[in-house]
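Here the structure is laid out as structure tokens; the discussion comes afterwards.
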Amino acid sequence: MWTYLLKRIGLALVILIGASALIYMLTMMMPADYIDNQTAAAVQNGSMTLEDVMRLKELYGLADKSVGGIARSYGKWLTSALRGDLGFSFLYGRPVSSVLKDYIWISFFIALFSFVIEIIIAIPMGIKAAVNQYSAYDYTVSVFAMAGTALPSFFLSALLMNLLAIRLKIFPLQGLTTATKVFAQDAHLAIFLDKAWHLVLPIMVLTLLGIGGTMKFTRTNMLEVMNSDYIRTARAKGLSERTVTYKHAFRNTMIPLVTSLSGMLPGLFGGAMITESVFSIPGIGTMALRATQQGDIPFIMGYNMFLSILTVTGMLISDMMYMVVDPRVKLK
Amino acid sequence: MDEHKQESIDLTEFSDADLEQHFRVISPGRMVAKRFFKSKLSIVGLAMIIFVFLFSFVGPMVVKATWGYGETQVFKVERETDMVTVAKFKAADGKDYHYYDRSKTTILFKAPISADHWLGTDTSGFDIFIRLMHGGRISLIISFIVIFLETLIGVVLGGVAGYFGKWVDQLIMRIVDIFACLPTLPILLILSATISSIEAIPAEHRIYYLMGFITLLGWTGVARIVRGQILMLREQEYILAAETTGISAFHKIFRHLIPNTMPQLIVSATLGLGGIILYESTLSYLSLGVPFPRAAWGSMIALADPSKGQEILAYYPNMWVPAGILIVVTVLGFSFIGDGLRDAFDPRMKR
Amino acid sequence: MNIKRFFTRKTVEDESNPLYLTLREEMRISRENNKIIKRFEKAKARKNVPEEEYLTTMKNPDNVVEFEDLHTFFFTDVGTVKAVNGVSFDVPQGKIVGIVGESGCGKSVTSLSLMQLVQEPQGQIVKGSIRYRASNGKTYEITKMPRNRMLQIRGNDIAMIFQEPMTSLNPVFRIGDQMDEVVLLHVEGATEKSAKARSIEMLKLVGIAMPEKIYDQYPHELSGGMRQRVMIAMALSCDPRLIIADEPTTALDVTIQAQILELLREIKDKINGSIMLITHDLGVIAEMADLVVVMYAGRIIEQGTVREIFHHPKHPYTIGLMRSKPSGKTVDNRLYSIKGQVPNPINMPDHCYFLNRCDRVQPECLGEYPPMFWHSPDHCAACYWSKTGELCDDEGEREKESNDE
């Protein structure tokens, strides 16, 4: 088993290096004076010197565009990245890794919450739809699920804002905290509740968007399982339909479910760029969107590498979970 | 075992048609179509897509003929009294200037729903209804072109990988993995933002680059499907190949392999159309798609951005809600059709 | 499949296409069938049905199960499949009844009907009666029994073994857990310890060498033959009165096949129960069965003791089956096979179903479907060609007919 794991990790590293090279080439497409334009403000107010700008240009291969030059600058970026130095953000005036560290937690919190709620709602719905295939429940639920995945995140956000924040005035419109309220220094609970209240709408948006996929996945897998021979055996043993569904069938459906869901876990750290921005939540997604729109190259590189690492970690986790959950796939 | 030696009637006087069931024969294409139309959801999806197509492509022609509206036509209202604006100012070159404005009309901003403008006008004075139609054109055209390109690249690469196997397969699959682990939206944003800032590229051409980028990030799915199918079919065909000799057999196999992947490809392409429309609308929302003043569904929804003020979001739903509804209708329509096709191609349904 | 041929019309010689229906016809059939299904499902969903409704008496107290004029149909979107179309036979106590027939003749559906395991909601028992005499002396009418009572019988009084041992066990649970489940469900006062002891005892009974080890293993760690033994052990756990074995050896090697069959016979003697053995393999029937029922296209076309069927078959189909089996005595170069195909289960003709394949057609064969004719106290066949003067009616009673042929 360990050799298998090591092989997979090795493969993942190769993929990551390939991905980083690809992303690097993409940022290379920016014209040479782009960095000058972007750093002009920072140079003026003194947080960066012209030497820093030159070094940046070298780092991103914009100084020397020959093949050798590109390879060398990529090598430089890679070595510093491996040491944990993801570069210095233009926009935020501090190291990229420090920005990531600060803003990741809110994004993670939002994503985690909506992930959990979405699972709790979607899986039972999927099971019930599969058990009562072709019923009215099945059709309705499927259509709603598909509608959920058809909504663009910004549209759903705007709709909910309009309805719940503006018309019904239940939830606040944007931001993480109520600017007009002043809290005492140690009113931790009140501050926490205030923040949580602000997060309800974004969490709602993310949940609604995600329910569809999970529900459909559960339903498809349950259907396949319910048509298996061992379910027929279970019925022949005299087990009630309930036991057959929730013990025998579900335990088998859990295998693909757990593997794919656990594969999504690292992605929770990535942040939802559009939704966070629309609601002005200070999370990593908003930061990344702003950085991308304003050409903050170091941040862009760092953030994209971070996401790729998350994706690849997700794949690894999902592979490992397979070994844990499915007794057929044991030590090879 | 005894043999009974009784006489039996000679049955040759009865034709095959009388004795056996009477078969009417249909081709598999018709059967798939029949199964497709059995599902109500598929028919609804088909209706939705046909509606959106007509709306987007035929609509503007109808409107042009009857009302004469254009996509970027600014609507003006006649003023009852002339308004003359006069101003004096000093310009950068030190000279004094006088400024006169004698407009006879004002721009019809943010008009409410009326018989002239079915959905009113937006913040620039454009008619919203016709902009929806033009936006539909953009979305549909982009999605079909991208899907076509994605399928092309995916079939070629996936086919080569699956057919040749061994190191070719490994190499191509690593490339697929690399592309697949790229985060789609951020990369798309980088690329679009880069393109937008390069002055050498005129704004109208941005859209073509966008199509290329979305293709680059999406072909991996198709490649995986095609490769999987070919690997599976090769297992079956391999036995056949072992018996036949000559290169021509392999050629025939290739000509059979790809068509056999068609059902899966069609399903995945149809379902992918919806995803591309969502990406395109997201890019338009961030003003990275078709440039102003052209219309796109995403950019119409962007008018309701709360950071720019709550006015539009709260009080002018006619400006942005229909665009969003159309996006949902289109994507849903493609989803329904895709699902219906998948069930129609797959004969081992419960019913 | 060429792209061009996908859309062009095929020629009539292509046999693989089903019966063609226009879309409108299909939707009409689908709607009607759905209404029928709803009616049946509603009747089945009743709760708290008083026992008198499904208690009855056996015609012959020596029988464990009596099938009488059973009709089980599948209401599909393309028509009604008459899978079991008037089947009557008895399963006496302590005997092995072999049900023989081709694929699709309805033998599996018959046994599934007994267990109320027919694929819902399309499959429904439409007509007829299945009487089962339980160990408590009461006789139940299976077709009228509510589901919750049926659950008490399944696995407990009547146990079933299926054809595919490789996929019949749940892959994520251990063997021991799956076996204990049956005991814990049906046996009063069973504890985990007593269930485990029982399971291990059963595993030993079916000839598994190290039952404690197998108890802790997963199904994928066992071979096909072992898994089938486990299935049999599981079936025996609650001392069933009747074991239904649906092609238990078809998926196994010939050597294992012999062992499993021997095992089944031993078991039957030990527990003094009956076995319904479903198969298409005549060799198995010859070895195991006491009584034989030959089914074709949803109906019984011949039944009798194993000697009568093998030595004096009276139906052309049975004769054809005997001849089809290749044996060492076959001198001819060609293997015999019955020409033609089984009729379409959706549109059955009114005359004998075997007509288009039979080589002994009589003038009356073109008329109505032949009734059962007696050839001996146990042996009857539904064939005009071999008919005798005596008919048997649906209940297996003799009926004297005037002797005119």
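Note on naming: letters A, B, ... go to the chains in the order of the sequence lines (proteins, then strands), and numbering restarts at 1 for each one.
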Item to complete: Report the C-alpha distance between L239(A) and L185(C) in whole Å, list the side-chain angles of each, state the deciding distance to 0.1 Å, and finish with yes or no for side chain to side chain contact (heavy atoms under 4.5 Å, CB included).
Response: CA-CA 8 Å; L239(A) 295 166; L185(C) 181 66; 3.6 Å; yes

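- In this structure, CG in N252(A) is found 7.0 Å from CZ in F173(C), a value given to the nearest 0.5 Å.
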Item to complete: Could you check Y230(A) against Q178(C) for side chain to side chain contact (heavy atoms under 4.5 Å, CB included), going step by step and ending with a plain yes or no?
Response: CA-CA 11 Å; Y230(A) 49 84; Q178(C) 296 189 49; 5.9 Å; no

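- A donor-acceptor pair under 3.5 Å is absent between the side-chain atoms of S168(C) and the main chain of T233(A), judged by distance alone.
- Within 6.0 Å of CZ in F113(A) there are 12 or fewer heavy atoms belonging to other residues, nucleotides or ligands.
- Checking side-chain atoms of R235(A) against main-chain N and O of L117(C) turns up no donor-acceptor pair under 3.5 Å.
- Of the listed residues (H186(C), E164(C), Q163(C), E221(C)), the one with the most heavy-atom contacts under 4.5 Å to chain A is H186(C).
- With hydrogens and angles ignored, the 3.5 Å screen pairs no side-chain donor or acceptor of K237(A) with any backbone N or O of A235(C).
- Rounding to the nearest 0.5 Å gives a distance of 7.0 Å between CZ of R232(A) and CG of D246(C).
- Neither the backbone nor the side chain of M166(C) comes within contact range of chain A; no heavy atoms are under 4.5 Å apart.
- Atom CZ of F40(C) has more than 12 heavy atoms from other residues, nucleotides or ligands within 6.0 Å.
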Worksheet entry | Derivation of the side chain to side chain contact (heavy atoms under 4.5 Å, CB included) call for N170(C) and R251(A) | CA-CA 10 Å; N170(C) 197 327; R251(A) 183 70 181 72; 5.8 Å; no

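- Proximity to chain A (any heavy atom under 4.5 Å) is restricted, for L169(C), to the backbone atoms N, CA, C and O.
- Closest heavy-atom contact between M115(C) and A236(A): CE-O, 3.8 Å.
- Within the 4.5 angstrom heavy-atom criterion, no atom of M150(C) approaches chain A.
- Residue P327(A) comes nearest to P171(C) through the heavy atom pair CG-O, 3.4 Å, listed as atom of the first residue, atom of the second, then distance.
- Heavy-atom contacts from other residues, nucleotides or ligands closer than 6.0 Å to OH of Y137(A) number more than 12.
- Closest heavy-atom contact between L151(C) and S240(A): CD1-CA, 3.7 Å.
- With respect to the salt-bridge test (charged N to carboxylate O, under 4.0 angstrom), the residues K247(A) and E181(C) qualify.
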